[in-house]
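Computed from a prediction, not measured in an experiment: that's the story for all the values here.
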Amino acid sequence: MNDQDRDEVAGEHEGRTGKADRRELRGRLWQQLPLLIGLVLLWMVLWGQATWLSFVTGVIVAILVTRVFYLPPVDLSGRINLWYTIVFLAHFFLDVAVASFTVAFQALDPRPIPRSSVIGIQLRTRSDLIMTLDAIAMSLVPGSLVVEADRERSILYLHTFATRTTGDVELMRRKVLVVEARIVRAIGSRTDLRRIQGNGADR
C-alpha cells in the first residue's frame, strides 16, 4: 500500500469517525433537550413573566448552567407516557390534599403528637432522575420529608409522622415504591420498567 492509499484509508476512517461523533452529539443534545426546556421554564417562572427577553435570557442561563458548572450527567430515557403522567399528577395532588388535612387535624388534636420515624427505603431503579423526582414528590406531601439520599445504593431516608407500628412503616415504604413506579411508568426507561414489573408495590 502506497502513501496515497494510506491517506485515502485514513480519510475514510476520519470521515466515519466524524459522522459517528456528530450522531452521538445529536443524540446527547436530544436527550438533554427536556432538561434545557425545564430550566428555561423555571427561569421564566422565577421572573414571573413570559416574554421574549425572559425566554432568551433563560436559554442563555440554561446553556451556561449545563456547560460551565459540573453536574452529574442526567440520563433521560427519551420516552414519555402521557396517560401515566396524568395518573401520577392526579395521585400526587390527591395525596397532597389528603395529607394536608391529616397534618392540620394532628396540629389541632390536643393528644400527644404521634410517633415519627426515619425510614430507609430501597428503590428498585438506579436512575438519578427517578430518585430525585421520587424524593421531591414525597417531600412535597405534608407529613413526610426526605432527609438523605444514598445515590450509590439508591436508598431514600424518609422522616414521616404517625408511624406507631411496623405496619405503619411498611405502609409508608410501599407508598414510596408506588410513587417510584408511577414515575417510571410515566418517563422511565425500558430497563426501569422491567425492574418494577411483577412487583405488588408498583400499582
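V141 and F93 end up in the same hydrophobic cluster when Ile, Leu, Val, Met, Phe, Trp and Tyr side chains are linked at under 4.5 Å. Cluster membership check: V98 does not share its hydrophobic cluster with L171, using side-chain heavy-atom separations under 4.5 Å among Ile, Leu, Val, Met, Phe, Trp and Tyr. A continuous path of Ile, Leu, Val, Met, Phe, Trp and Tyr side chains, each step under 4.5 Å between heavy atoms, connects M138 with V96, placing both in one hydrophobic cluster. The hydrophobic clustering, which links ILVMFWY residues whose side-chain heavy atoms are closer than 4.5 Å, places I121 and V169 together. No continuous path of ILVMFWY side-chain contacts below 4.5 Å connects L46 to L64, so the two sit in separate hydrophobic clusters.
Atom CD of Q197 is separated from atom CZ of R124 by 10.5 Å, given to the nearest 0.5 angstrom. Distance CD1/I183 to CZ/F88: 4.0 Å, rounded to 0.5 Å. Here the straight-line distance linking atom CG of L42 with atom CD1 of I37 works out to 13.5 Å at 0.5 Å rounding. Here the OG-CD distance, from S54 to Q49, works out to 5.0 Å after rounding to the nearest 0.5 Å. Rounding to the nearest 0.5 angstrom, the gap separating the CD atom in E180 from the CZ atom in R185 is 11.0 Å. Put simply, OG on S127 and CD1 on I187 are 7.5 Å apart, with the number rounded to the nearest 0.5 Å.
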Using the rule given for side-chain contact (heavy atoms from CB on, under 4.5 Å), can you reason through L123 versus I155, listing the C-alpha separation, both sets of side-chain angles and the distance that settles it, and then say yes or no? CA-CA 6 Å; L123 302 182; I155 299 177; over 6 Å; no

Between R173 and I119, does the side-chain contact (heavy atoms from CB on, under 4.5 Å) criterion hold? Intermediate values first, please. CA-CA 8 Å; R173 189 189 310 276; I119 310 168; 3.8 Å; yes

Could you check S139 against I136 for side-chain contact (heavy atoms from CB on, under 4.5 Å), going step by step and ending with a plain yes or no? CA-CA 5 Å; S139 295; I136 292 173; 5.8 Å; no

May I have the step-by-step check of ring-ring contact (aromatic ring centres under 6.0 Å, His included) for H159 and Y157, ending in yes or no? CA-CA 7 Å; H159 179 274; Y157 293 93; over 10 Å; no

Start with the C-alpha distance between E170 and T165, add both sets of side-chain angles, then the distance that settles side-chain contact (heavy atoms from CB on, under 4.5 Å), and finish with yes or no. CA-CA 9 Å; E170 290 304 318; T165 65; over 6 Å; no

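Side chain of T160 to backbone of S144: no donor-acceptor contact under 3.5 angstrom is found. When atom types are taken as modelled, the side chain of R126 and the backbone of R151 share no donor-acceptor pair closer than 3.5 angstrom.
Under the 4.5 Å side-chain criterion, counting only non-hydrogen atoms from C-beta, V61 is not in contact with L39. Between V176 and L158, the closest side-chain pair of non-hydrogen atoms falls below 4.5 Å.
Nearest heavy atoms, M131 versus L156: CG-CD2, 3.8 Å. Shortest non-hydrogen contact noted between T163 and S117 is OG1-OG, 2.6 Å. Nearest heavy-atom pair across F92 and A137 is CE1-O, 3.5 Å.
Q122 and S154 share no side-chain donor-acceptor pair at under 3.5 Å. Using modelled atom types and a 3.5 Å distance limit, the side chains of T57 and W43 yield a donor-acceptor pair.
A side-chain contact (heavy atoms from CB on, under 4.5 Å) with D134 is found for one member of L129, V184, V146, V179 and no other, namely V179. Among the candidates I86, V87, T85, the single residue satisfying the side-chain contact (heavy atoms from CB on, under 4.5 Å) test with L89 is T85.
Among pairs with a residue in residues 87-98, those fulfilling side chain to side chain donor-acceptor pair (under 3.5 Å) read H91-R182, at least two apart in sequence or across chains.
Aromatic ring pairs are classed by plane angle as parallel below 30°, tilted from 30° to 60° and perpendicular above 60°; the pair W52 and F55 is perpendicular.
A 6.0 Å sphere centred on OH of Y84 holds no more than 12 heavy atoms belonging to other residues, nucleotides or ligands.
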